[in-house]
Student: 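Okay, handing you the structure first.
Reminder, nothing fancy here: chain letters follow the sequence lines and each chain counts from 1.
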There are 2 protein chains.
Amino acid sequence: MGVKDIASKLKNKGLKVTPQRIAVLEALDGNNSHPNAEFIIKKIKNNNPSISVGTIYNILDTFVEKEVIAKVHTDDNVMRYDPLMQDHHHILMKDSDKVVDYFDDELTALVKDYLRGKKELSDIEIESVKINIIGK
Amino acid sequence: MGVKDIASKLKNKGLKVTPQRIAVLEALDGNNSHPNAEFIIKKIKNNNPSISVGTIYNILDTFVEKEVIAKVHTDDNVMRYDPLMQDHHHILMKDSDKVVDYFDDELTALVKDYLRGKKELSDIEIESVKINIIGK
DNA sequence: ATTCGTGCAAACCGTTTGCAAGGGA
DNA sequence: TCCCTTGCAAACGGTTTGCACGAAT
C-alpha cells in the first residue's frame with residue numbers, strides 16, 4: 001500500500017493526513033501478526049525518531065475509533081492492533097503468543113446462518129462473528 | 001457451590017486449601033459476568049478486609065495456571081476472569097462492556113466439524129473453538 | 001528443614017492526560 | 001482566527017515483585 005493510498009484512506013475517514021499518521025499506517029502495513037504498541041513505536045522510531053509515544057497512542061486510538069484498524073485481544077494485557085478490517089478469524093497456538101489470521105467467509109456464513117435460526121438470540125442483531133481457533 | 005466442594009476442587013488440582021483461596025472462589029462463584037480483579041477484591045474485602053491485593057492477584061494467576069478459572073479478553077485492558085470451564089462462547093454487545101455466556105454444544109460441534117474438513121488446517125490440532133458473537 | 005502461601009509496600013510499565021506550540025483551512 | 005494535531009513530560013493505575021513472616025508437611 002503506497003503513501004497515496006494511505007492518504008486517501010485517511011481522507012475518506014475524515015482524518016487529516018499527517019506524516020505521523022502515515023508512519024503509523026506504514027508500520028502496520030504488511031504485518032499480519034497483530035503488533036502491539038511497543039513494536040509499532042520501535043518500527044516508526046527507526047525512520048522517524050522524533051515522533052512521540054503519546055502521539056502514537058493517540059493515533060492508534062483515533063484509528064480504532066474511525067475503524068481504520070481494530071484492537072485484538074490476547075492474553076497479555078497490552079493493546080494489539082489489527083490493520084485488517086475485513087471479517088476474519090484468528091488462530092491461536094496455545095504455546096506461543098502468535099495470532100494468525102484466518103479468512104473463511106464460508107465459515108462465517110455457516111455460523112451466522114446457524115445463529116439466525118436460534119430463537120434464544122432472536123432479540124439480538126448480530127453484527128459480526130469472531131472465531132478463535134485454539135490449537136496445540 | 002459449598003465450601004466443601006471448593007476445598008475438594010482445590011485439592012484435586014494439587015493446591016492447598018486456604019481461606020484466601022476459598023474467598024476468591026466464592027467471590028467468583030455465581031458470577032456469570034466475568035468480573036475483573038477490582039470487583040473480586042471489593043467483594044472479598046467485605047467479609048475479609050485483611051486479605052491483600054497482591055495475594056488475590058497471585059491466587060488468580062495460580063488458578064489460571066491450574067485451569068480452575070480462565071482469563072477472558074475484553075476491550076479494556078484489565079484482567080477478567082471466568083469461573084466457567086465448560087466449553088462456551090461469548091456474546092458481546094457493542095455498546096456495553098458486558099460479556100454474556102452462550103452455551104451451544106451444537107454450534108461448537110458444527111464449527112469443529114467444518115474445520116476438521118479443511119485441508120489448510122490439517123497440520124493443526126484444534127483444541128477448542130471460542131466464538132464471539134458481536135451484537136448491536 | 002523445607003516448601004508453600006500470605007501481607008505489605010514499593011516498583012514497574014504500558015497507557016493516558018494536560019498543556020503549550022505548530023500548522024492548515 | 002479557529003480547530004486539529006503534535007511533542008513532551010508528568011501522572012495514572014492495574015499488576016507485579018521482593019521480602020519477611022507464618023503455617024503446613
Student: Could you run through nucleotides 1-7 of chain C and give me one letter per nucleotide, 5' to 3': B if any protein heavy atom sits under 4.0 Å from the base, S if only the sugar-phosphate is that close, - if neither?
Tutor: ---SSSB
Student: Could you list the residues that satisfy side chain to side chain contact (heavy atoms under 4.5 Å, CB included) with B:Y57, not counting sequence neighbours?
Tutor: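 Checked B:Y57 against side chain to side chain contact (heavy atoms under 4.5 Å, CB included); matches are B:A37, B:I41, B:V53.
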Student: Would you indicate whether the side-chain heavy atoms of B:K9 and B:L15 approach each other to under 4.5 Å?
Tutor: no
Student: C:dT15 C1' sits how many Å from A:L60 CG, rounded?
Tutor: 11 Å
Student: Is it true that B:H88 and B:D104 share a donor-acceptor pair across their side chains at a distance under 3.5 Å?
Tutor: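 Distance-only check fails for B:D104 and B:H88.
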Student: Walking along DNA chain D from 5' to 3', note the first and the last nucleotide with an atom under 4.0 Å from a heavy atom of chain B, and give both.
Tutor: D:dG14 to D:dT17
Student: Under 3.5 Å, is there a donor-acceptor pair between the B:H89 and B:D101 side chains?
Tutor: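 Judged by distance alone, the side chains do not pair up.
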Student: Of all the heavy-atom pairs spanning A:G135 and B:I124, show the shortest one and how long it is.
Tutor: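 Distance-wise, the nearest heavy atoms are CA-CG2, 4.1 Å.
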Student: Do you know which two heavy atoms are closest between A:T62 and A:R21, and how far apart they sit?
Tutor: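 Closest approach of A:T62 to A:R21: OG1-NH2, 4.5 Å.
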Student: In whole angstrom, give the distance that lies between atom OH of B:Y57 and atom P of C:dC8.
Tutor: 16 Å
Student: Nearest whole angstrom, please: distance from the P of C:dG14 to the CD of A:E38.
Tutor: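 One finds 6 Å between P of C:dG14 and CD of A:E38, rounded.
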Student: If we count only N and O atoms by modelled type, under 3.5 Å, do the side chains of A:E120 and B:Y102 hold a donor and an acceptor together?
Tutor: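 No pair is found: no donor N or O on one side chain lies under 3.5 Å from an acceptor on the other.
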Student: Do A:L28 and A:D82 have side-chain heavy atoms sitting under 4.5 Å apart?
Tutor: no
